[in-house]
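In what follows, every heavy atom counts, from backbone to side chain, and hydrogens, waters and symmetry copies are set aside. Chain naming here is simple, since letters A, B, ... match the order of the sequence lines and numbering starts at 1 in each.
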Amino acid sequence: MTQRRILVTAALPYANGHIHIGHLVEYIQTDIWVRFQKLRGNRCVFVCADDTHGTAIMIRARQEGRSEEALIADMRAAHVRDFAGFDIDFDNYGSTNSETNRDLCHRLWAELRKGDYVTEKSVTQLFDPKAGTFLADRFVKGTCPKCGAADQYGDNCDKCGSTYSPADLINPTSTLSGATPELRSANHLFINIEKLHSFLEEWTQSGEHLQSEVANYLKGHFLGEPLRDWDVSRPAPYFGFEIPDSPGNYWYVWFDAPIGYMASTMEWCQKNGENFDDWWRDEASNLESSPSSEIHHFIGKDITYFHTLFWPAMLKASGCKLPMKVHIHGFLTVGGEKMSKSKGTFVQAASYLKHLDPAYLRYYYASKLGSRLDDLDLSLDEFVDKTNKQLVGGVVNIAARTAKFVGGQTLCETYPADGGLFLFAAAAGEAIADAYERCDYQTVIRTCNELCDRANTYLDEKAPWKLAKQPDRAEEVRQICSVGLNLFRQIIVYLAPVLPRLAQQAGELLNVPITCWEDSNTPLVGTPVAPFQHMLKRVELKQVEAMIEDSKIPDAAVTIPTTANAAAAPVATPVQCETTSCAATPAAGTQPTDGPEALEKEPLVGEMCSIDDFTKVDLRVARVLSASHVEGADKLVQLTLSLGGDVRRNVFAGIKSAYTPEQLVGRLVIMVANLAPRKMRFGMSEGMVCAAGGGGKEIFLLAPDCGAVPGQRVH
RNA sequence: GGCGAGGUAGCUCAGUCGGUUAGAGCACAGGCUUCAUAAGCCUGGGGUCGAGGGUUCGAGUCCCUCUCUCGCUACCA
């Protein structure tokens, strides 16, 4: 068989969040495919990277008071750790915010310019004057112009489903600052992909590169009419790469993200003395010594058109190699529903690993993945069941019930008669390999389960444990166990891409490592058997439930209690003391009637934050030691806060419109003690005091009830 | 609305080119076994293949109509 050269990518995880079990569907799927190709003896390189650019990262970094670089470095480290925990084995893991990527963006851009694909047009967008940035549709909310539903995003309405431009929204507000956005125009750069229409038609419809549903989808949605120009630039401020021939404009994150695939390949090439063009240039691969390479992208269905229209267009226009195949998978649901933070089904990779073995999830996903775009459902009962019944009770059990009789001995010198079992399973190998090749892992697992059943039935019939009681039949026992262990090893070869650790353990048990697919064709003979050791623990539903419990972020954590709740809750006696300027708590028994205005002005944050996220914020009780006006500032008051002992913090607080320095001295406040220090015009501010209200006279400092002392943490 | 994918046992699903009596796992019932991590093996009950029509010697499979479910509907990460 000729050795293929295969470059594989998985989608670049965005540096704005942690890896969760939904992401893992893709990385596990891809890792299995890569390990399969390697086991088959193909050269296969698996590259990935963090996707680091765009408005969302910029905003988050700003909110956290640190640089984008610091944010993405932390997130990258977390991603790398999570992937390693699930045995996802990248040959290179890069970042789109690298000089390699910048260079490649420049190169492709030059090609696009040369081919006259770039045009410039003025775009009118909403601009947030307070945050000083243009607003993507999702950062604008307002009232739907069609049906009048409040609190709708800038591009379409949840309630009536109509789509519109954010400029049409009634009473639009920026979700970043609460400011009213204004319309501003800026020049954007576009790629004219309509020039490649006939190429895209041919490439997408050839049947070779895409699943048929995807080809149909593209045909129905995009290819039936002229393709619109693709807007690939964003005006400053934007976290990304500045466009060399268009100062003040940056490449849109989706321009440089797929180029990140190339950049990661480039880094790998540099480390391994490989030639980049062998992998990404079309014409370079005609040498007989280096057969043509294949590029395979694995992605989720949400980013289909980026990878099946824009990206092939960019590659074609710049003379690069096109993907051999884009493998697209569906989303994860848990218990038939979308993952939910409040239900605890939004499980982060790190939380999973705290409770469960990664092999379970790899096996479970494999048993459910087919070659189509169907969503994959994680049913917790089924998860436990498959792990215990199939993996432990089926596969591992074959070794467990045979190895103990021959541990310390060797396997038979010639492979005994087994009624054709080994040959049968060897013959199944090609069908299993075909299933792997087309990502139909459920067929792989089903076939392996049938092989397991055959092996277990064989052992049941031969009952070596009975013969083991008769010393004169020891050789027979050895023969039966040699068969059993070889059948076990054969199945493990087939499952090695899914269960790399188990394959490793099987190699240790039989003292011959599993190195290639052909290991399934030849039985081991005469080799020593190590004493059997547990390979994989059974899982208990309790452990799964604990993981779910751990992942729960109750709605209550982000929901203002309703008046009914507040009245039902045990009422703490309101305490009036010198630190609180007033007690807003109503007298027990009265029904407070709070209006909806505050919420309307600042809607609840839709995105949940985990307890981990919350505990990152170190809230402390602090006492105002001194307060003074700041010369030349019209909103700021300078505070010296004490956290007890001699720990002091200098804080500039924008509360001058509501408090005089005299009112502040001596009182207790709540401060964010670990907010990154920020250089302000008047000096360093080393924290932030917490207050409610919209500004102006409406600023209300938070204060603890009586008895709290400086330095205490707020939980 | 348009487009796409589906509807097969109580549940999750397989079913190739149209071809014998529609399959598997789980769950359920009964039996065997006691080597193995409360593991293993055998047997059984359970189906108008969403509905209707058509093509055919023959339809879960091909065609048409209807119905229900899910997903997508680009300058949005």
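- Per the geometry, CG belonging to Asn249(A) stands 19 Å off P belonging to rC75(B), to the nearest Å.
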Distances under 3.5 Å between protein N/O atoms and the N/O atoms of nucleotides 22-30 of chain B, please, pair by pair.
| from | atom 1 | to | atom 2 | distance (Å) |
| --- | --- | --- | --- | --- |
| rA27(B) | OP1 | Lys389(A) | NZ | 3.2 |

Taking only distance into account, with no hydrogens and no angle test, what donor-acceptor pairs under 3.5 Å do side-chain atoms of residues 460-467 of chain A form with protein atoms, sequence neighbours excluded?
| from | atom 1 | to | atom 2 | distance (Å) |
| --- | --- | --- | --- | --- |
| Asp460(A) | OD1 | Arg401(A) | NH2 | 3.3 |

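- Atom-to-atom, CG of Leu126(A) to P of rC76(B) comes out at 11 Å; the value is rounded to the nearest Å.
- Distance alone, capped at 3.5 Å, places no donor-acceptor pair between the Ser264(A) side chain and the Tyr261(A) backbone.
- Under a 3.5 Å cut-off, the side chain of Arg60(A) and the backbone N or O of Leu71(A) do not form any donor-acceptor pair.
- A distance-only check finds a donor-acceptor pair linking the side chain of Asp231(A) to the backbone of Ser233(A) [under 3.5 Å].
- Within the nucleic acid shown, Lys368(A) comes within 4.0 Å of sugar-phosphate atoms alone, with no base atom in reach, counting heavy atoms only.
- Annotation: rU61(B) and rG19(B) have their C1' atoms spaced 11 Å apart (nearest Å).
- Separation of the C1' atoms belonging to rG47(B) and rA9(B) is 6 Å when rounded to the nearest angstrom.
- Residue Val396(A) places its side chain closer to rU37(B) than to any other of rU37(B), rC42(B), rA14(B).
- Among residues two or more places apart in sequence or in another chain, the side-chain contact (heavy atoms from CB on, under 4.5 Å) test is passed with Ser174(A) by Asp128(A), Leu135(A), Leu176(A), Ser177(A).
- Phe405(A) comes within contact range of the sugar-phosphate backbone alone, with a heavy-atom separation under 4.0 Å but no base atom that close.
- Looking at Tyr238(A), its side chain never comes within 3.5 Å of a backbone N or O of His53(A) through a donor-acceptor pair.
- Leu373(A) has its CG atom 14 Å from the P atom of rG4(B), to the nearest Å.
- For Arg478(A) and Glu475(A), the salt-bridge test passes: some basic side-chain N is under 4.0 Å from an acidic carboxylate O.
- Looking only at distances, a side-chain donor or acceptor of Glu26(A) sits under 3.5 Å from a matching main-chain atom of Gly300(A).
- One atom, CD of Gln442(A), and another, P of rC13(B), lie 9 Å apart when rounded to the nearest Å.
- Sorted by first then second residue, the salt bridge (Lys or Arg N to Asp or Glu O under 4.0 Å) pairs that include residues 187-197 of chain A, not counting sequence neighbours, number zero.
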Which string of ( ) [ ] | and . matches RNA chain B, if you list each base 5' to 3' and count Watson-Crick or G-U pairs only when both distances are under 3.5 Å?
(((((((..((((.....[...)))).(((((.......))))).....(((((..]....))))))))))))....

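- Under the side-chain contact (heavy atoms from CB on, under 4.5 Å) criterion, Ala366(A) pairs with Ile32(A), Tyr441(A), Ile445(A), Val498(A), sequence neighbours left out.
- Heavy atoms of Arg454(A) sit nowhere under 4.0 angstrom from any nucleic acid atom.
- Rounding to the nearest 0.5 Å gives a distance of 5.5 Å between OH of Tyr27(A) and CD1 of Ile19(A).
- Lys404(A) comes within 4.0 angstrom of the backbone, heavy atoms only, and of no base.
- For residues 479-491 of chain A, no pair satisfies side-chain hydrogen bond (donor to acceptor under 3.5 Å, both in side chains), with sequence neighbours left out.
- Atom name C1', nucleotides rU56(B) and rC62(B): the rounded distance is 10 Å, in whole Å.
- Between Tyr305(A) and Phe310(A), the ring-plane angle classifies as perpendicular under the 30° and 60° cut-offs.
- Taking the centre and axis of the six-membered ring of Phe532(A), the NZ or CZ atom of Lys404(A) falls outside the cone set by 45° and 6.0 Å.
- Rounded to an integer number of Å, the gap from NE2 of His534(A) to C1' of rA39(B) is 11 Å.
- With sequence neighbours left out, Asn216(A) forms a side-chain contact (heavy atoms from CB on, under 4.5 Å) with no residue at all.
- One can place NE2 of His197(A) at 17 Å from P of rA74(B), the figure rounded to the nearest angstrom.
- As rounded to the nearest Å, rC42(B) and rU33(B) have C1' atoms that lie 10 Å from one another.
- With rounding to whole Å, Asp302(A) atom CG is found 16 Å from rC76(B) atom P.
- When each of rU37(B), rC41(B), rA74(B) is scored by its nearest atom to the side-chain atoms of Val392(A), the top-ranked nucleotide is rU37(B).
- In this structure a side-chain-to-backbone donor-acceptor pair under 3.5 Å is missing from His297(A) to Ala11(A).
- Projected onto RNA chain B by closest heavy-atom contact, Ala400(A) and Asp375(A) fall at different nucleotides, the more 5' of which corresponds to Ala400(A).
- For the pair Glu120(A) CD and rC75(B) P, the computed distance is 21 Å after rounding to whole Å.
- A distance of about 12 Å separates the C1' atoms of rG23(B) and rG60(B), rounded to the whole Å.
- Each of rC76(B), rU37(B), rG40(B) was ranked by its minimum atom distance to the side chain of Asn397(A); first place goes to rG40(B).
- For the P atoms, the distance from rG30(B) to rC66(B) is 49 Å, rounded to whole Å.
- The gap from the P atom of rA22(B) to that of rC35(B) amounts to 41 Å, rounded to the nearest Å.
- Contacts between residues 458-469 of chain A and RNA chain B, defined by a heavy-atom separation below 4.0 Å, involve Asp460(A), Trp465(A), Lys466(A), Lys469(A), listed by number.
- For rC13(B), the base is anti relative to its sugar; the glycosidic angle deviates from 0 by more than 90°.
- Non-hydrogen atoms lying under 4.0 Å from RNA chain B are contributed by nothing in residues 473-485 of chain A.
- Rounded to the nearest Å, the gap between the C1' atom of rU69(B) and that of rA27(B) is 24 Å.
- More than 12 heavy atoms of other residues, nucleotides or ligands lie within 6.0 Å of NZ in Lys368(A), so this atom counts as buried by the packing criterion.
- By the neighbour-count criterion of 12 heavy atoms within 6.0 Å, atom CD of Glu69(A) is densely surrounded, having more than that number from other residues, nucleotides or ligands.
- Of the listed nucleotides (rU37(B), rC76(B), rU73(B)), rU37(B) has the atom at the smallest distance from the side chain of Arg538(A).
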Can you name the atoms? Protein N/O to nucleotides 5-7 of chain B N/O, anything below 3.5 Å, with the distance.
| from | atom 1 | to | atom 2 | distance (Å) |
| --- | --- | --- | --- | --- |
| rG6(B) | OP1 | Arg372(A) | NH1 | 2.6 |

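- For Phe127(A), the ring pair (Phe, Tyr, Trp, His ring centres under 6.0 Å) partners two or more places apart in sequence, or in a different chain, are Phe134(A).
- Among the heavy atoms of the strands, none lies under 4.0 Å from Gly54(A).
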